[in-house]
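The figures that follow rest on heavy atoms only: side chains count, while hydrogens, waters and symmetry mates do not. Chain letters run A, B, ... following the sequence lines, proteins first and then strands; every chain starts at 1.
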Protein chains: 2
Amino acid sequence: MTVLPLEEMTEERVLLSDRIRNVLTDEIASGALPAGTALDEQQLADRFSASRTPVREALRQLSVSGLVEMRPRRGVIVTRMTPERIMEMFEAMAEIEALCVRFATYRMTPLERSHLMELHRSSEAMVLAGDIDAYDSFNREFHVGIYRATHNNFLVDQAIGIRLRLNAFRRTQLHQGDRLERSREEHDAVMRAIAQGDGDKAARRMRAHMLNAASALGRYIELHQSRDGTY
Amino acid sequence: MTVLPLEEMTEERVLLSDRIRNVLTDEIASGALPAGTALDEQQLADRFSASRTPVREALRQLSVSGLVEMRPRRGVIVTRMTPERIMEMFEAMAEIEALCVRFATYRMTPLERSHLMELHRSSEAMVLAGDIDAYDSFNREFHVGIYRATHNNFLVDQAIGIRLRLNAFRRTQLHQGDRLERSREEHDAVMRAIAQGDGDKAARRMRAHMLNAASALGRYIELHQSRDGTY
DNA sequence: ATAAGCAAGTGTGTATGCACATTGCGCCGA
DNA sequence: TCGGCGCAATGTGCATACACACTTGCTTAT
């Protein structure tokens with residue numbers, strides 16, 4: 001193997017269009033680009049100091065994963081989701097999560113189990129500190145850890161994909177009242193079922209956990225909903 | 001995966017890149033473009049009498065749905081799947097199908113139920129005639145009908161997306177021995193459970209149905225496997 | 001003989017230009 | 001005042017051009 005010149009080590013050697021896609025993905029998932037935002041190709045090209053070509057390719061990819069909506073010759077907008085659609089996604093996500101934790105319970109290695117328990121333990125401090133950012137980040141790791149423990153890489157990819165699309169909404173619901181404490185309690189219940197090796201129980205509790213998060217979000221939407229049915 | 005607008009099906013005023021994507025999707029799913037095939041941009045452009053631009057945009061979209069693999073500056077190939085990966089997909093598909101039929105059992109309207117039963121009934125003639133093409137087409141309708149009966153459009157899109165990616169493999173296993181008859185018998189068992197309103201039973205039977213299909217495919221792969229682990 | 005190095009060729013990645021569909025606005029007529 | 005028509009502006013869709021990364025085959029040196 002040859003030693004790379006310094007510049008190649010520091011410089012991002014990935015495709016420009018992929019970098020743009022990743023940035024846009026993050027911004028949509030984080031809510032920095034709210035639903036309904038029009039994405040002007042030239043404007044984005046200027047922003048990334050690129051031409052429209054890689055921007056277009058990034059937008060094409062985002063449209064497949066459903067983060068943006070392309071209306072032929074009428075431009076691209078960040079997908080505007082109705083409360084119904086969001087609830088459908090949460091419902092599906094709840095089932096996928098339940099499925100994952102059931103598989104994970106039966107298939108995870110002792111190492112994976114201890115890693116997950118350690119992760120779970122570490123979340124207590126975040127709840128006490130009320131650190132939503134830290135908890136949000138932990139939460140992602142926790143759930144992805146469960147996906148991986150299914151030892152089914154395809155399932156992992158699917159679950160991560162859906163989770164990504166719900167990111168923008170998931171995070172908001174953590175602001176609801178005592179949702180942080182409740183979330184951790186529910187994680188705890190799931191972990192106890194895993195420890196008992198009861199995959200079905202873990203699955204039921206995970207489903208409940210996700211549906212609780214959904215209904216917390218539902219209350220949030222009720223409160224903040226705007227006239228056009230989006231928020 | 002996003003649902004295509006209706007106009008794309010009939011009208012010609014569709015995006016060139018979308019038409020190219022659809023054609024390539026079909027050809028990959030049908031096996032006309034076998035796994036590992038290199039997709040040369042200029043060559044495809046010539047074939048569709050277009051420039052490389054819409055071809056590239058189509059390929060970008062296919063890479064997101066996992067049908068092709070883009071290696072930066074090294075071209076695009078039809079995703080070469082290992083038997084392990086295929087089995088993982090079937091396992092996940094089996095669970096998604098089980099989930100869908102469980103939801104469908106509890107939520108389908110009488111109209112949907114009768115439509116599905118009529119569809120199922122019509123498959124008997126195809127089995128007797130040994131018409132694999134007709135059965136394959138019916139099979140798709142049958143399963144998609146179940147997805148739709150979940151009344152969760154997001155779930156429908158997800159399920160169709162996964163089913164699409166498994167198409168090329170699903171079809172081959174129908175050639176295995178008496179798989180056609182067995183498939184219909186399994187459908188029948190699922191339908192009976194639906195008629196009884198027993199969603200869990202329907203789910204278990206559907207899972208078994210999909211896993212049977214997977215193992216039929218597994219036998220097929222055993223027989224036809226090539227040296228590099230793909231087939 | 002094998003491996004390293006070099007050079008030409010192929011094909012991807014990005015930029016740019018142009019055509020036209022869509023939209024918004026203003027003008028005109030009822 | 002209101003609706004229809006048309007024109008201009010905006011921005012997408014596609015074509016084309018070019019630079020350079022990667023590959024391939026040959027040469028050369030050990």
Side-chain angles (χ1 to χ4, degrees), chain A residues 1-25 28 33 36-64 67-80 228, chain B residues 2 4-25 28 33 36-64 67-80 228:
Chain A
M1 164 151 185
T2 57
V3 178
L4 293 175
L6 182 62
E7 59 176 58
E8 294 191 7
M9 298 188 64
T10 55
E11 187 174 340
E12 282 294 323
R13 277 181 60 89
V14 296
L15 259 34
L16 188 51
S17 59
D18 283 351
R19 288 215 317 262
I20 295 173
R21 174 173 52 77
N22 288 334
V23 171
L24 291 179
T25 296
I28 293 171
L33 290 174
T37 307
L39 299 175
D40 183 277
E41 294 182 359
Q42 187 58 56
Q43 198 171 307
L44 290 172
D46 293 344
R47 190 186 139 195
F48 290 107
S49 305
S51 76
R52 281 176 50 224
T53 307
V55 171
R56 282 178 62 79
E57 292 180 349
L59 292 175
R60 280 299 194 295
Q61 298 187 62
L62 293 176
S63 83
V64 173
L67 287 174
V68 304
E69 200 175 323
M70 303 196 62
R71 300 153 312 163
R73 293 192 166 75
R74 294 176 53 202
V76 175
I77 61 170
V78 177
T79 300
R80 179 171 268 156
D228 63 354
Chain B
T2 55
L4 295 175
L6 180 63
E7 55 192 276
E8 292 192 10
M9 306 192 61
T10 57
E11 182 118 12
E12 192 199 328
R13 255 194 38 224
V14 64
L15 258 34
L16 189 49
S17 60
D18 282 352
R19 288 212 317 261
I20 295 173
R21 173 173 54 77
N22 288 334
V23 172
L24 291 179
T25 296
I28 293 171
L33 289 174
T37 307
L39 299 175
D40 183 277
E41 295 182 356
Q42 187 58 56
Q43 199 171 305
L44 290 172
D46 294 344
R47 191 186 138 196
F48 290 106
S49 306
S51 76
R52 281 177 50 223
T53 308
V55 171
R56 283 179 61 79
E57 291 177 350
L59 292 176
R60 275 307 210 282
Q61 298 186 60
L62 292 177
S63 82
V64 173
L67 288 174
V68 305
E69 199 176 322
M70 305 197 64
R71 301 155 309 166
R73 292 193 163 73
R74 293 178 54 202
V76 176
I77 61 170
V78 177
T79 301
R80 178 169 276 167
D228 63 353

- Task: Identify, with sequence neighbours excluded, every residue that meets salt bridge (Lys or Arg N to Asp or Glu O under 4.0 Å) alongside B:Arg56.
- Result: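 Salt bridge (Lys or Arg N to Asp or Glu O under 4.0 Å) check on B:Arg56 returns A:Glu57, B:Glu41.
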
- Task: For A:Arg47, check salt bridge (Lys or Arg N to Asp or Glu O under 4.0 Å) against everything at least two apart and list the hits.
- Result: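 If we apply the salt bridge (Lys or Arg N to Asp or Glu O under 4.0 Å) test to A:Arg47, skipping adjacent residues, the hits are A:Glu27.
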
Set of side chain to side chain donor-acceptor pair (under 3.5 Å) partners for [X], sequence neighbours left out:
X: A:Asp46; value: A:Gln42
X: B:Gln61; value: B:Arg21
X: A:Asn22; value: none
X: B:Gln43; value: none

- Report the distance from atom CG of A:Leu67 to atom CG of A:Leu59, rounding to the nearest 0.5 Å.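 Spacing of CG (A:Leu67) from CG (A:Leu59) equals 11.0 Å.
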
- Message: How bent is the helix from C:dA1-D:dT30 to C:dA30-D:dT1, measuring the angle between the end axes built from five pairs each, rounded to 10°?
- Response: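 Taking the rotation axis at each end, their angle is 10°.
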
What is the distance, rounded to the nearest whole Å, between atom [atom1] of [X] and atom [atom2] of [N]?
X: B:Gln61; N: D:dG13; atom1: CD; atom2: P; answer: 11 Å
X: A:Leu59; N: D:dG11; atom1: CG; atom2: P; answer: 14 Å
X: A:Ile77; N: C:dT23; atom1: CD1; atom2: P; answer: 12 Å
X: B:Phe48; N: D:dG13; atom1: CZ; atom2: P; answer: 18 Å

- Message: Using every non-hydrogen atom in the two residues, find where B:Arg71 and B:Ile77 come nearest and quote the distance to one decimal.
- Response: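 In this case the closest contact between B:Arg71 and B:Ile77 is NH2-CG2, 3.5 Å.
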
Atom pairs under 3.5 Å, N or O on each side, protein against nucleotides 12-16 of chain C: can you list them with distances?
from	atom 1	to	atom 2	distance (Å)
C:dT12	O3'	B:Arg73	N	3.3
C:dG13	OP1	B:Arg73	N	3.0
C:dG13	OP2	B:Arg56	NH1	3.0
C:dG13	OP2	B:Arg56	NH2	3.4
C:dG13	N7	B:Arg52	NH2	2.9
C:dG13	O6	B:Arg52	NH1	3.0
C:dT14	OP1	A:Leu16	N	2.7
C:dA15	OP1	A:Ser51	N	3.4
C:dA15	OP2	A:Ser51	N	2.5
C:dA15	OP2	A:Ser51	OG	2.5
C:dA15	O5'	A:Ser51	OG	3.3
C:dA15	N7	A:Thr53	OG1	2.8
C:dT16	O4	A:Thr53	OG1	3.3

